[in-house]
Amino acid sequence: MSDTRTKRERQKLSAIAGAAERLFCERGIAETSMDDIAEAVPVAKMTLYKYVGSKEQLLDHVLDALLEKGEADFAEMLERSPSPLDALKALAQYRGMDHMNGIFVRDLMRLYPDKAKRIIAMQQRIVTPMMERLIFEGQQRGQLRKDLSPHVVLLFMMGLKDFVARSDAMGGPLDLHTVGEQLLSILYYGIVSPDQV
């Protein structure tokens with residue numbers, strides 16, 4: 001779809017999508033109204049509907065921006081990393097999507113499953129092959145244990161990510177970031193070749 005909007009219109013749409021993203025991530029999609037978004041921008045509600053016909057269309061713009069940012073961030077991390085191990089460390093420490101909390105993800109999966117499939121598709125198209133390649137290259141360079149299947153390591157990493165993302169899995173005094181970092185540390189030292197530790 002070609003965008004025939006002027007620069008000013010694109011900037012306004014970006015401001016609307018940014019406010020919506022912030023509110024969706026703070027409150028959840030279900031608990032954020034179009035009135036809330038219009039007030040946060042700030043624009044008149046009529047102006048909001050001029051730029052986005054519905055909350056669902058606005059969610060599409062938010063997801064477009066999130067996916068574009070994720071792809072760009074991953075490409076930059078790969079470009080800056082001198083080795084597969086460095087790239088895996090950078091990916092493990094990535095915090096660019098931390099604001100997407102469990103409420104946002106849960107609402108997305110429950111209320112908009114077709115839109116949630118876009119994130120899954122990006123993971124299958126970009127993230128999964130990239131991670132498997134990094135793991136394989138790390139094994140070939142002797143940085144990662146060769147006795148582990150890259151596919152199994154990736155499945156384990158994704159399982160940890162999904163577990164940590166579930167807000168109901170959290171309990172006790174540790175916060176989500178602390179638990180995530182410690183699980184990644186356990187994973188990292190479990191797959192790294194002994195001479196690399």
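Just so it is clear, the model here is predicted, and its values are computed rather than measured.
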Does the S149 side chain pair with the main chain of H151, one donor and one acceptor, at a distance under 3.5 Å?
->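 Looks like yes, one N/O pair under 3.5 Å.
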Is the side chain of Q57 donor-acceptor paired with the backbone N or O of G53 at a distance under 3.5 Å, no angle test?
->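 Side chain of Q57 to backbone of G53, a donor-acceptor pair under 3.5 Å: yes, one is there.
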Is atom CD of E137 surrounded by more than 12 heavy atoms (other residues, nucleotides or ligands) closer than 6.0 Å?
->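 Yes, CD of E137 has more than 12 neighbouring heavy atoms, counting only those of other groups under 6.0 Å.
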Does atom CD of E9 have more than 12 heavy-atom neighbours from other groups under 6.0 Å away?
->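 Enclosed.
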Taking all non-hydrogen atoms of both residues into account, name the closest pair between [X] and [Y] and its distance.
| X | Y | result |
| --- | --- | --- |
| R141 | P82 | NH1-O, 3.6 Å |
| V62 | A20 | CG2-CB, 3.9 Å |
| L85 | Q143 | N-OE1, 3.2 Å |
| S81 | A90 | OG-CB, 4.2 Å |

Test side-chain contact (heavy atoms from CB on, under 4.5 Å) on F104 and L66 and set out the steps.
-> CA-CA 13 Å; F104 174 81; L66 286 170; 4.2 Å; yes
For [X], check side chain to side chain donor-acceptor pair (under 3.5 Å) against everything at least two apart and list the hits.
| X | answer |
| --- | --- |
| Q139 | none |
| Q140 | none |
| S33 | D36 |

Rounded to the nearest 0.5 Å, what's the gap from [atom1] on [X] to [atom2] on [Y]? Could you check?
| X | Y | atom1 | atom2 | answer |
| --- | --- | --- | --- | --- |
| E21 | E26 | CD | CD | 10.5 Å |
| Q11 | T6 | CD | OG1 | 8.5 Å |
| L48 | K45 | CG | NZ | 8.5 Å |

State whether D64 and R118 are salt-bridged, where the test is any N-O pair (Lys NZ or Arg NE/NH1/NH2 against Asp/Glu carboxylate O) under 4.0 Å.
->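 Judged by the 4.0 Å cut-off on N to carboxylate O distance, D64 and R118 do form a salt bridge.
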Determine, step by step, whether M131 and L88 satisfy the side-chain contact (heavy atoms from CB on, under 4.5 Å) criterion, reporting the C-alpha distance in whole Å, the side-chain angles of both residues, the deciding distance to 0.1 Å, and the verdict.
-> CA-CA 8 Å; M131 294 290 288; L88 288 170; 3.8 Å; yes
Member of K7, K12, R8 meeting the side chain to side chain contact (heavy atoms under 4.5 Å, CB included) criterion with R10 |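 Among the candidates, only K7 passes.
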Taking only residues at least two apart or on different chains, which pairs with a member in residues 26-50 satisfy ring-ring contact (aromatic ring centres under 6.0 Å, His included)?
->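 Matches after skipping sequence neighbours: none remain.
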Verdict with supporting geometry, L134 and L78, side-chain contact (heavy atoms from CB on, under 4.5 Å) = CA-CA 9 Å; L134 287 172; L78 287 176; 3.7 Å; yes
Quiz: residues 107-116 side-chain donor-acceptor pairs under 3.5 angstrom, not counting sequence neighbours:
from	atom 1	to	atom 2	distance (Å)
D107	OD1	R110	NH2	3.2
D107	OD2	I29	N	2.8
D107	OD2	A30	N	2.9
K115	NZ	D60	OD1	2.9
K115	NZ	D60	OD2	3.1

Donor-acceptor contacts under 3.5 Å from residues 67-77 side chains, at least two apart:
from	atom 1	to	atom 2	distance (Å)
K69	NZ	D73	OD2	2.7
E71	OE2	R125	NH2	3.3
D73	OD2	Y94	OH	2.4

Can you find a pair of side-chain heavy atoms, one from I37 and one from V43, that are under 4.5 Å apart?
->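 Of all side-chain heavy-atom pairs linking V43 with I37, none is under 4.5 Å.
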Same cluster or not: are L13 and V41 linked, directly or through other Ile, Leu, Val, Met, Phe, Trp or Tyr residues, by side-chain heavy atoms under 4.5 angstrom apart?
->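 Yes, it is one cluster - the side chains of L13 and V41 are joined through contacts under 4.5 Å.
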ILVMFWY network linking L23 to M34, side-chain heavy atoms under 4.5 angstrom =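 Shared cluster, yes.
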